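Worksheet: one structure, shown below.
Because the structure is a prediction, the values reported are computed rather than measured. Letters go in sequence order (proteins before strands), and every chain restarts at 1.
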Number of protein chains: 2
Amino acid sequence: MTKRKVDVAADAWRSVIDLMQSRKHRFLEVAQEWGLTPGHVQALISLEPENALAMGALASSWKCDASHVTFLVDRLEEKGYAKRQPAKHDRRVKTIVLTPAGLTARSAILDRLYEPPEALLELSVAELEALTEALTKVRLAADRG
Amino acid sequence: MTKRKVDVAADAWRSVIDLMQSRKHRFLEVAQEWGLTPGHVQALISLEPENALAMGALASSWKCDASHVTFLVDRLEEKGYAKRQPAKHDRRVKTIVLTPAGLTARSAILDRLYEPPEALLELSVAELEALTEALTKVRLAADRG
DNA sequence: TATTGTTATACTCTATAACTATA
DNA sequence: TATAGTTATAGAGTATAACAATA
């Protein structure tokens with residue numbers, strides 16, 4: 001008896017989840033290294049240098065209340081990682097841009113988060129390439145859907 | 001010029017992280033469906049039926065303070081999903097066991113969490129099997145390390 | 001006296017509601 | 001009057017410290 005594709009997919013997905021679960025402390029760890037809360041790390045890394053957003057847009061993107069965006073951005077501003085920039089066309093709107101220090105911190109944090117587990121090196125280069133290709137394909141499909 | 005293995009591994013890991021990122025809302029969603037906080041869901045699914053632990057052991061496992069374990073277990077007990085069982089050998093120690101309702105809830109929640117994204121079906125069965133095999137290998141290596 | 005777990009309390013994170021400034 | 005963001009405030013979640021019961 002052969003498995004149906006959905007069951008094979010379920011096995012594969014379960015392996016992804018279980019692997020992530022075993023690494024879930026990493027995020028908290030990185031936040032502590034930088035003296036930030038996990039929420040502030042999440043905020044900092046989602047501030048894209050080439051696509052500065054306004055407070056309101058951040059609230060939607062982060063799926064939280066506008067008042068909480070104020071709270072998060074306040075701390076990032078205190079840390080010198082971001083600053084509010086009133087928009088030219090409408091002075092109510094404030095765009096959040098990363099400072100040079102913020103850019104540096106953000107990319108250092110991303111490096112730490114993307115740091116692969118040692119165990120990944122047990123795979124061959126061919127297996128690693130196949131893995132990347134497969135998961136990228138899935139993510140692109142997910143983004144479309 | 002060919003890439004070094006560590007760089008290929010970094011690409012692979014990044015693809016895992018990015019994929020998970022795109023699904024991070026799922027956990028919160030499931031928690032809401034069950035009228036639980038994410039913390040309580042995390043607690044419930046980590047209570048293994050075949051390996052009941054005491055409060056103190058849960059505090060280490062969950063990397064939180066003992067007083068917070070009290071808080072979490074209180075809610076699970078109120079919901080009827082778990083109960084405290086004073087240990088025979090030392091009546092200070094309380095072992096937390098899942099009730100029948102807790103067992104049912106736990107496995108239903110796990111089913112929801114393990115539910116694969118539609119997009120995974122874009123991969124062939126062979127690709128899915130390779131994915132599972134590779135990630136399982138990594139996780140086993142990580143557990144050893 | 002030392003240890004397991006709880007209670008009292010305070011601090012952090014997050015949301016809701018009232019407010020200010022601009023449009 | 002409506003909208004962008006902030007301030008005041010209250011509710012969860014989490015920790016620290018003092019405590020009770022048992023060892």
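- Distance CG (A/L72) to P (C/dT12): 15 Å, rounded to an integer number of Å.
- At whole-Å resolution of the value, CG in B/L36 and C1' in D/dG13 are 14 Å apart.
- Looking only at distances, no side-chain donor or acceptor of B/R84 sits under 3.5 Å from a matching main-chain atom of B/I96.
- The separation between B/D74 atom CG and C/dT6 atom P is 7 Å, rounded to whole Å.
- In this structure a side-chain-to-backbone donor-acceptor pair under 3.5 Å is present from A/K5 to B/L123.
- The base of D/dT7 has none of its N or O atoms less than 3.5 Å from a complementary donor or acceptor on the side chain of A/T70.
- By the ring-ring contact (aromatic ring centres under 6.0 Å, His included) test, B/F71 pairs with B/H40, B/H68, sequence neighbours left out.
- Linking ILVMFWY side-chain heavy atoms closer than 4.5 Å, directly or via other members, places A/W13 and A/M20 in a single hydrophobic cluster.
- Checking D/dT14, C/dT7, C/dT14 against the side-chain heavy atoms of B/F71 singles out D/dT14 as nearest.
- Open room surrounds CD on B/E118; 12 or fewer heavy atoms of other groups in view lie less than 6.0 Å from it.
- Linking ILVMFWY side-chain heavy atoms closer than 4.5 Å, directly or via other members, places A/V30 and B/V16 in a single hydrophobic cluster.
- Atom NE2 of A/H68 is separated from atom C1' of C/dT12 by 10 Å (rounded to the nearest Å).
- Non-hydrogen atoms lying under 4.0 Å from DNA chain D are contributed by B/C64, all within residues 39-64 of chain B.
- Distances from the side chain of B/T37 to the nucleotides D/dA15, D/dA12, D/dA8 place D/dA12 closest.
- Scanning residues 76-96 of chain B for heavy-atom distances under 4.0 Å to DNA chain D yields B/D90, B/R91, B/R92.
- In this structure, the CD atom of A/Q32 is 14 Å from the P atom of C/dT12, given to the nearest Å.
- In this structure a side-chain-to-backbone donor-acceptor pair under 3.5 Å is present from B/T99 to B/G80.
- Mapping B/R75 and B/S67 onto DNA chain D by nearest heavy atom places B/R75 at the nucleotide closer to the 5' end.
- Of all non-hydrogen atoms in B/P38 and B/F27, the two that sit nearest each other are O-CE2, 3.5 Å.
- Checking side-chain atoms of B/E122 against main-chain N and O of B/A119 turns up no donor-acceptor pair under 3.5 Å.
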